[in-house]
Structure formats: C-alpha cells, structure tokens
2 protein chains.
Amino acid sequence: MPLQFSISDLERETGISRDTLRIWERRYGFPEPQRNQRSERNYSVEQLERLRLIKQLLDNGMRPGKLARLNLQQLHQITLQQRRTETVPSAVEELLQILATGPRYGLLARLEALLQQQGLRDFLIEVLAPMNHAVGEAWFTGRIGVLDEHHYAEQTRMVLLAALRSLPQRPGSSRALLTTLPGEQHGLGLLMATCMLALEGVEVLLLGVQTPLEEIVRGAIESECSIVGISCSEYMNRRTVATQLVRLRKLLPAEISLWAGGSGASNLPLMPKGITLFSSLDQISPAIPLDPLTVER
Amino acid sequence: MPLQFSISDLERETGISRDTLRIWERRYGFPEPQRNQRSERNYSVEQLERLRLIKQLLDNGMRPGKLARLNLQQLHQITLQQRRTETVPSAVEELLQILATGPRYGLLARLEALLQQQGLRDFLIEVLAPMNHAVGEAWFTGRIGVLDEHHYAEQTRMVLLAALRSLPQRPGSSRALLTTLPGEQHGLGLLMATCMLALEGVEVLLLGVQTPLEEIVRGAIESECSIVGISCSEYMNRRTVATQLVRLRKLLPAEISLWAGGSGASNLPLMPKGITLFSSLDQISPAIPLDPLTVER
DNA sequence: AATTATTTTTGTCTAGGACAAAACATGCCC
DNA sequence: GGGCATGTTTTGTCCTAGACAAAAATAATT
C-alpha cells in the first residue's frame with residue numbers, strides 16, 4: 001500500500017498552495033495525481049519529493065514552467081549545480097556583514113530565507129555550523145561585540161524552534177534526551193543537534209542547558225530514552241568535559257547510549273569508552289539506530 | 001482610509017481557511033466583506049476582530065453556526081463567561097501534575113491548548129506567571145526535580161517563541177531592547193516580557209541572557225531603542241541587581257527609559273531613581289508610550 | 001549599454017456544487 | 001437517569017473552470 005497524500009498534505013509539506021498545485025497540473029501536466037473514489041487528488045511520494053526539490057529551486061529564482069517538465073534526476077542535477085556556484089560560503093560572510101553593520105532586524109529574515117533555500121538539513125550543516133565558528137572568531141578579533149553574538153544566537157534559536165515545530169512527529173521511533181553539562185551555557189549547538197535528530201524522526205526531549213548529571217539519568221530512564229545527547233561548546237574546558245562524561249556514563253544504565261558532540265567534545269584528552277563522540281553534525285544521521293518504519297531517506 | 005484585509009490576510013491572521021471564510025459568508029451571511037474593483041473580498045478590522053474572537057470560542061468547542069450571528073459585544077460576553085467557569089486557577093495545578101507524573105510529551109500540547117483558549121495576553125498573566133512561581137515552589141519542596149523545571153522552561157519557550165512569530169509586526173511604533181543582567185540565567189521571564197511588549201506593537205530586540213552593561217548601552221543606541229528592559233528572576237541577589245541597574249542607568253543616555261521587571265526587581269533595597277520597576281506583567285501595557293497609530297485595545 | 005514597451009508567465013482570486021466526517025438530537029433499553 | 005444505536009443537521013474540505021493583475025522575460029528603442 002503506497003503512501004498517498006491529499007492536496008492539503010502537499011500544501012503543508014511543500015509550502016506550495018493548493019491553488020498553485022491545481023493550476024500547475026492544468027498548465028504543465030505536473031503533478032498529475034491519482035484520484036480516489038470521490039475524485040480527490042492523491043499524490044505519491046515521488047511527486048512529493050519532486051515538488052520539494054522544485055520548491056527549493058523556485059526559491060532560488062528558477063521558473064516553474066521549466067522545472068515542472070524535469071524528472072527527479074534532472075532536478076537533483078540542477079540542485080547540485082546551483083549549490084556549487086551558490087551562496088554557501090558567501091552566506092556566512094553575508095550574515096556576518098549584517099551582524100556587524102547591517103540593520104539589526106534584517107538578520108531573522110535572512111536566516112529564514114536561507115533555511116527555505118537550503119532545507120533544514122543543509123541549513124544546519126552548511127550555514128549554521130560554519131557560521132557559529134565564524135561568529136566566535138569575529139568576536140575574538142573584535143569585529144563584532146557580545147551584543148551581536150547574543151542577537152545572532154537569539155534569532156537563530158527562533159528560526160530553529162519554528163523549524164522544529166513544523167517537522168512531523170512520528171511517534172514510535174527511538175527517543176533521545178538532549179542537554180548540556182553543568183557549566184555549559186551555550187544552547188545553540190544543542191538546538192542544532194535536536195533538529196538533526198528530529199529530522200531523522202527521533203523523538204527529542206529537549207532540556208536546555210546545565211542539567212545536573214543525576215537528573216539527566218532520571219529523565220532518561222523515566223522517559224524511556226535510548227539515547228542521551230550532550231552538546232559541548234568550544235568554550236568548555238576539555239578536562240572537565242571528559243571527567244563529567246565518564247561520570248555520566250557510569251551513572252547511566254548500559255542500554256542507554258551516551259552521545260557527545262560539538263567542538264568541545266572533539267580531541268578530548270582521554271578518550272572515554274562507551275561514549276560516542278561526534279565532531280560534526282553530519283555524523284549524527286548515520287548513527288541513529290534503524291527504525292522499522294523508516295524506509296527511505 | 002480604513003485598513004482592509006484580503007482573504008489570505010484573514011486566513012493568516014485568524015487561522016480560518018479561505019474556503020471556510022467563503023462558505024461562512026454563503027451560509028451565515030458573515031463575514032460579508034466589501035469588494036474591490038476586481039470583486040475581491042476586502043475585510044474590515046472589525047470583521048477581523050470578530051473572527052478572532054469566534055476562532056477562540058470555536059477552539060473551546062462552540063459551533064460556528066451560532067457564533068456567526070453574534071455581534072462583538074455578545075462574543076465578548078460569552079468569552080468572559082467561558083473564562084469564569086474555566087480552568088485558570090486549576091490550569092496551574094494541572095500543569096504541575098503533568099510535570100510531576102504525567103507523560104513528558106503531554107506538556108507542550110497542554111500549554112498550546114491553554115494559549116489558544118486564553119489568548120496570549122491572559123495566558124501570560126494568568127497561566128504562566130503563577131505557573132512560574134508554582135514550579136519554583138514545587139522544586140523547593142521536592143515535588144519536582146531540576147529536570148522537570150528545565151523541561152517546563154524549554155516547552156514554554158517553544159510555545160512563546162511560536163506565538164511571538166505569529167504576532168503581526170507593526171513597524172513604526174517604539175522599540176525596546178530586552179535582556180538580563182550578567183549573572184542572571186533565567187530567560188523565561190524575559191521571553192514573557194517580550195511577548196507583552198510585542199502584543200502592544202512594540203518592536204523588540206531580544207538579546208537573551210547575560211549581556212554586559214556596556215553592550216546593552218551600545219545596542220540600545222545603535223538600534224535606536226527608546227526602552228531598555230531588564231528581567232530579574234527571584235534567584236538573583238537583590239543587592240547585585242540594584243547596583244547593576246544603577247550603573248546601567250548612569251551609562252544609558254537620559255532619553256532612553258530603563259525598565260526592570262520580574263520578582264527579582266521588586267522590593268529592591270535601595271530604590272534607584274530614573275528606573276521604572278514592574279512587579280507584574282499587567283503593568284507593562286499601560287506604561288508603553290502612546291503611539292499615534294495605536295487607536296484601540 | 002541602459003531605458004522603455006510589449007509579451008508571456010505565474011499565482012491568487014472568483015463562483016457554486018458535492019460529499020463525508022463530526023456533532024447533535026432522538027428514541028430505546030437497562 | 002445513564003448508556004447505546006439510530007437518524008438528522010452542521011460543517012469543512014475538495015472539486016471545476018474562468019478571470020486578471022503583478023512579475024519576469026523578451027523585444028524594441030534611445
């Protein structure tokens with residue numbers, strides 16, 4: 001029984017309005033869905049996927065008339081071409097520019113546009129991750145102030161939380177508890193990790209910063225989480241991090257995995273055992289235990 | 001020139017779909033908008049206001065057939081009646097219950113339902129404000145753990161940020177910079193204050209917690225804010241708060257108002273001059289300098 | 001090469017009609 | 001009076017097909 005989507009499903013999932021979907025069908029012959037007994041449109045997963053790609057390219061300035069005639073493969077090809085010539089490295093510079101000089105209220109809009117353009121996954125990996133480094137750097141060299149750093153963090157938080165809410169929650173997959181160690185103030189990496197996990201359908205129990213170790217353990221057990229994730233910023237002392245992670249590992253039941261990520265979790269002085277370290281966001285997806293429901297992606 | 005809204009404006013602002021708006025008009029004769037030259041619907045502010053109320057009551061289980069015939073006054077009356085018999089004091093107890101025992105994932109849904117029911121303003125004043133106290137209390141007496149406190153804060157943050165984004169941004173009114181003093185970790189009160197100000201049409205530059213005083217000043221001047229707002233939780237040392245506020249007042253240009261709120265800002269040891277103190281959220285709205293555009297509310 | 005005019009493309013709006021799912025009302029039995 | 005099966009009304013979403021202005025692309029001009 002192949003999955004089928006109604007026209008409102010598609011509107012929600014792709015961000016293309018019902019009216020537009022219908023008129024594309026009339027004009028370009030795509031997407032041409034099947035009909036149910038009530039002659040309502042039923043779209044397939046392929047059509048959804050194709051429309052997602054089209055929407056991305058649309059936001060990048062291409063025209064629907066051209067795109068509607070292309071198949072999945074061709075769309076992918078164009079996406080790649082675009083990406084090579086496009087934005088990504090310059091996006092960081094542009095954001096820094098806004099932060100350093102620009103109108104303060106422009107940041108949110110720009111972040112949202114980038115999210116739309118890249119999709120959440122790439123936005124996290126290719127925009128936010130380098131941007132976080134760049135912001136730290138820019139502060140260090142005095143190009144921007146603490147104020148701007150805070151502003152960046154706050155606006156990013158807003159964009160990510162919104163994105164998080166709009167992700168479909170599939171219950172039944174694995175569950176993770178995410179927080180930072182006591183002493184760690186920075187919650188942005190945490191939020192980014194949450195997004196990565198949520199993208200893979202993991203139910204995330206997000207706890208904010210600085211949860212005492214004992215409470216982490218209690219929460220993980222009570223909420224039946226199979227993963228505990230810890231985010232460590234580069235500003236943390238490596239030694240402290242390592243010590244605390246080892247202690248946490250001892251406190252946690254063996255069947256719960258302990259994951260640690262962020263710049264503060266790489267190059268740890270003593271490599272603790274039974275702890276999975278992530279040095280970049282894109283290592284997260286492959287590490288997630290396979291869920292029987294997850295077929296593709 | 002009275003403000004006019006298109007049907008998609010109304011869909012966005014009220015959350016009632018285009019189709020539904022049209023069919024209500026057909027069936028109940030309301031809302032019956034004016035038409036422009038192109039015979040497109042143009043709704044008035046009154047109709048928008050009325051529909052907002054209707055949507056609230058709808059979410060509370062009333063039927064549209066009845067509500068559509070009522071005028072603004074009658075709708076207000078019903079809303080009040082509802083509220084009197086409803087929830088409010090029990091809501092806090094119920095939330096605590098969920099927090100202490102309930103399924104962890106139920107909290108977000110309940111918070112969202114309450115927000116819908118009460119509207120943002122009342123949700124802040126009559127649910128979250130007492131709830132914050134209650135949570136602190138419950139932690140103190142050991143009824144809930146740090147874990148649950150964090151969980152509550154995080155979910156509330158999520159709900160509020162979503163609400164914040166959906167508020168219409170009217171540029172042109174006054175601007176405020178909001179943050180906490182160095183040493184203050186709690187950002188929830190900050191977010192609540194932001195919502196109150198945003199509700200009144202103030203443009204808020206939200207900076208998160210712990211901004212150094214010099215940076216606050218720089219930000220306020222650069223972004224041309226007329227108000228600087230500081231949120232102080234009850235966990236802060238009063239003396240420290242007072243000292244820092246006085247210092248900040250000296251650093252700030254005289255034409256920028258300095259506001260401080262939250263439990264940590266009441267009963268300050270020495271009452272500093274030139275600083276407006278708020279002991280509760282509902283004092284915020286009246287304090288906002290009148291904006292020529294703001295006619296009603 | 002830069003403006004300006006013309007043509008094409010595109011999305012949003014319109015009108016009524018249809019129909020199933022949800023909410024409500026009624027009757028019945030325990 | 002409370003629980004349950006029934007019929008009735010209410011309600012939201014979907015349908016078709018046409019219209020038109022705003023935006024984008026192309027052609028024509030300075």
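Order of the sequence lines fixes the chain letters, A, B, ..., with proteins taken first and strands second; residue numbering starts at 1 for each chain. Below, all heavy atoms of this structure are taken into account, side chains as well, without hydrogens, waters or symmetry copies. Note that the structure is a prediction, hence the values are computed from the model and not measured.
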Can you check each nucleotide of nucleotides 7-12 of chain D against protein heavy atoms at under 4.0 Å and return B for base, S for sugar-phosphate only, - for none, in 5' to 3' order?
---SBB
Rounded to whole Å, the CG-P distance (B/Asp19 to C/dG16) equals 15 Å
A/Arg18 (side chain) and C/dG11 (base): donor-acceptor pair under 3.5 Å:
no
note: A/Arg35, atom CZ; C/dA18, atom P; distance rounded to Å ~ 17 Å
B/Asp282: side-chain hydrogen bond (donor to acceptor under 3.5 Å, both in side chains) partners, not counting sequence neighbours:
B/Ser280
Would you please name every residue forming a salt bridge (Lys or Arg N to Asp or Glu O under 4.0 Å) with A/Arg12, sequence neighbours left out?
A/Asp9
Sugar-phosphate only, base, or nothing, as touched by B/Arg22 at under 4.0 Å among non-hydrogen atoms:
base
Do A/Phe5 and A/Asn42 come within less than 4.5 Å of each other through their side chains, counting heavy atoms only?
no
Whole-Å distance, B/Leu10 CG to C/dT14 P, equals 11 Å
B/Glu40 CD to C/dA15 P, straight-line distance once rounded to whole Å
10 Å
If the condition is salt bridge (Lys or Arg N to Asp or Glu O under 4.0 Å), which residues does B/Arg50 pass it with, not counting sequence neighbours?
none
Would you please name every residue forming a side-chain hydrogen bond (donor to acceptor under 3.5 Å, both in side chains) with A/Ser226, sequence neighbours left out?
none
Among C/dG17, D/dT16, C/dT12, which nucleotide sits nearest the side chain of B/Ser8?
C/dT12
Taking atom CD of A/Gln34 as the centre, does the number of heavy atoms from other residues, nucleotides or ligands within less than 6.0 Å exceed 12?
no
Who passes side-chain hydrogen bond (donor to acceptor under 3.5 Å, both in side chains) against A/Arg18, sequence neighbours left out?
A/Glu11
Measure from CD on B/Glu32 to P on C/dT14 and round the result to the nearest Å.
13 Å
With B/Glu32 via side-chain hydrogen bond (donor to acceptor under 3.5 Å, both in side chains) - residues at least two apart
none
Give the rounded distance in Å between these two atoms: CG of B/Asn36 and P of C/dT12.
16 Å
B/Glu11 CD to C/dT14 P: how many Å, rounded?
12 Å
Results of side chain to side chain contact (heavy atoms under 4.5 Å, CB included) for B/Ala129 - residues two or more places apart only
B/Met192, B/Leu281
Is the distance from OP1 or OP2 of D/dA17 to the nearest side-chain N or O of A/Arg26 less than 4.0 Å?
no
From CG of B/Leu67 over to P of C/dA23, roughly how many Å is that when rounded to an integer?
15 Å
Rounded to 10°, tell me the angle between the two end axes of the helix from C/dA1-D/dT30 to C/dC30-D/dG1, each built from five pairs.
30°
